[in-house]
Amino acid sequence: MLDLRLLREQPQAVKDRLATRGTCFSEHIDKLLAIDTERRSAETRLQNLQADRNRLSKEIGKLRSQGQDSSAIEAQVKAHAAEMQTLSQLSTELDSRQHDMLLVLPNLPQPEVPVGETAEQNPVLRLWGEKPAIASPQDHVAIAERLKLIDQERATKISGSAFVCYTGVGARLERALLNFLLDLHTRDHGYTEISTPYVVKPEALVGTSQLPKFEEQLYRIDRDDLYLAPTAEVPVTNLHREETLQLSTLPIKYTAYTPCFRREAGSAGLGTRGLIRMHQFDKVELVKICTPERSREELELLTADAERVLQILGLHYRVIELCTGDIGFGSAKTYDIEVWSPGQNAYLEVSSCSNFEDFQARRMNLRFKGEDGKNRFCHTLNGSGTALARLYVALLENGLQPDGSVLLPEPLHDYFGGQRIS
RNA sequence: GGAGAGGUGGCAGAGUGGUCGAUUGCGGCGGUCUUGAAAACCGCUGUGCCGCAAGGCACCGUGGGUUCGAAUCCCACCCUCUCCGCCA
């Protein structure tokens, strides 16, 4: 959520920066500000009447305690009752409309975020490692089916398309990755492990800004007014919603494994092959809560923590910066980490690291007490560390040996209980 | 699912119609005293909104209602806890 005060004081600057996302919010903002003006004028009028009422009511109390007649003053207060009722309703309604309008405005990209319209314009910041020399690359689905690591057909039978079942050593590899990632981030990178509920209330989704705009991407449990979490970002960041944190506790660094549930509405046929885009996938997430002064640096550190996963596993990857047209709704700045997939002959997004600045904190009223004792909004960040299914794809395709087996990177051997899948 | 208890400021805990935004204690901050610390004593110590400011308004789980006036009365709802049942 944007700062209403900023919107009021510098509407043009906000419009200009939002326009770099490729959508014009000018009309929306004008309407919002008109409501704001009307709301404040109603509020001011109402507050004046309330002040009068409070003053007169005290006099009534005084008169009555002295046994004197107060009917004249009572009539005076009553005279404004109807107007106060109207103003109060008006102000509540305008406030709610204004709030709704504020919730659908995206975050301002940081000034240095490259301006662009599509993913093609995302600059590549750096490359790590090299593409492996594989004589005849194979698609991960071919590899996984040959080695009986996954069972797509039966997963479809029980849950529908775009769900997968890992089987045997395939399931074991998934579990090995999970443990490897959580250990890495807790032991080496200083994150605290969290295990959260996978089902969340709508407020939590509003807090991290999946709602109200992206309802159709979520699995909803109607009967209980709950949703399946699309990412651990939601339960983990919302752990501290409605809290005022002590400065000394910041930055907070959490890591969590959760399955992620996404309807992927409208993306049928888009890279849906195999494990790449599914309705349910496993992910280890990194979340940070920090002061505004620290968030830029924390984003760099968080991205480095996610990159470290691929470095340790020896997987070639690149880091790109999302341009203004491709950046997520709530993000002020985002880096994507893309691992090399020989089978797709393309880079695959395995992590997206974002600084939300105070956008989410405002929505969830997440603050900290500053050195001067004043409450300020925290900054929140998150990034995948990493998505498991796509890492799985990369491991199979990059580890493919001439004999058709898959050689795993050394750091996974103990976790997996072996070096090779054949 | 059944029965009961309860939701007030960082915490504990008063307050049942009129200077109550809220007594008090603890905690926290500042000060006096002390070589230093403790103890003692004194003072301060919630949040949001409107306003250039002075100041004003709102908030005692949420939403309605009664009243000139509601933390206090009425109605509905939500949540938490305890016990029982069921269950991984």
Side-chain angles (χ1 to χ4, degrees), chain A residues 1-10 32-103 195-207 221-228 235 238-250 252 258-259 289 358 361-378:
Chain A
M1 194 157 71
L2 297 179
D3 181 5
L4 182 58
R5 201 157 300 165
L6 179 72
L7 216 50
R8 259 194 318 246
E9 286 164 7
Q10 303 181 43
L32 195 159
L33 289 176
I35 290 173
D36 182 53
T37 306
E38 199 186 339
R39 190 202 95 232
R40 283 189 296 159
S41 113
E43 251 166 44
T44 304
R45 171 78 183 137
L46 175 64
Q47 288 183 4
N48 288 337
L49 292 174
Q50 285 172 325
D52 274 353
R53 185 199 60 194
N54 292 346
R55 191 170 44 77
L56 293 171
S57 288
K58 269 178 193 169
E59 275 182 49
I60 292 169
K62 215 176 287 173
L63 287 175
R64 286 203 183 172
S65 69
Q66 293 165 0
Q68 296 180 33
D69 175 57
S70 60
S71 54
I73 306 182
E74 281 174 38
Q76 214 175 322
V77 180
K78 268 187 178 164
H80 289 116
E83 186 182 2
M84 287 176 72
Q85 175 83 12
T86 308
L87 284 171
S88 159
Q89 275 168 8
L90 180 65
S91 133
T92 306
E93 193 209 315
L94 291 174
D95 186 71
S96 132
R97 273 168 61 191
Q98 178 173 26
H99 189 72
D100 290 348
M101 291 187 79
L102 224 35
L103 284 181
S195 177
T196 70
Y198 304 152
V199 167
V200 293
K201 296 180 180 184
E203 303 93 278
L205 289 153
V206 170
I221 305 165
D222 252 340
R223 181 195 292 262
D224 300 297
D225 197 22
L226 292 167
Y227 293 82
L228 297 185
N238 276 286
L239 282 177
H240 296 290
R241 64 177 292 110
E242 306 283 348
E243 288 185 26
T244 304
L245 302 169
Q246 289 305 313
L247 189 57
S248 60
T249 63
L250 303 179
I252 291 173
T258 68
I289 300 171
D358 62 10
R362 263 177 216 289
R363 290 174 163 243
M364 60 178 80
N365 198 23
L366 166 58
R367 299 174 299 172
F368 71 98
K369 199 167 276 294
E371 265 166 347
D372 56 359
K374 289 226 171 81
N375 294 332
R376 302 167 64 199
F377 288 109
C378 298

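Predicted model, so just to flag it, every value in this text is computed and none were measured.
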J.: Once you apply a heavy-atom cut-off of 4.0 Å, does A:K201 come out as touching a base, just sugar-phosphate, or nothing?
T.: nothing
J.: Does A:N54 put a side-chain nitrogen or oxygen below 4.0 Å from OP1 or OP2 of B:G69?
T.: no
J.: Look at the side chain of A:R53 and the base of B:G69, then say whether one donor and one acceptor between them are separated by less than 3.5 Å.
T.: no
J.: Name the pairing partner of B:U32, where a pair is Watson-Crick or G-U wobble with both distances under 3.5 Å, or state none.
T.: B:A40
J.: Is it the case that atom CD in A:E243 sees more than 12 heavy atoms from other parts of the structure closer than 6.0 Å?
T.: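 Buried by this count: over 12 neighbours within 6.0 Å.
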J.: Look only at the side chain of A:N238 and the backbone of A:A204, and say whether a donor-acceptor pair between them is shorter than 3.5 Å.
T.: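 Judged by distance alone, yes, a pair lies under 3.5 Å.
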J.: Could you check how far CZ of A:R55 sits from P of B:C68, rounded to whole Å?
T.: 18 Å
J.: Closer than 4.0 Å, any side-chain N/O of A:R64 to the OP1 or OP2 of B:C68?
T.: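 So the side chain of A:R64 is outside the cut-off, no N or O lying under 4.0 Å from OP1 or OP2 of B:C68.
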J.: Among A:H99, A:R362, A:Q98, which one satisfies side-chain contact (heavy atoms from CB on, under 4.5 Å) with A:L4?
T.: A:Q98
J.: By the 4.0 Å heavy-atom rule, please label A:K58 as base, sugar-phosphate, or nothing.
T.: nothing
J.: Any base atoms under 4.0 Å from A:L56, or only sugar-phosphate, or nothing? Heavy atoms, all strands.
T.: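 No contact.
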J.: A:N48 near the nucleic acid: base, sugar-phosphate alone, or nothing, with a heavy-atom cut-off under 4.0 Å?
T.: nothing
J.: How far, in whole Å, is B:G10 from B:U47 if one measures between their C1' atoms?
T.: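 It comes out at 13 Å once rounded to the nearest Å.
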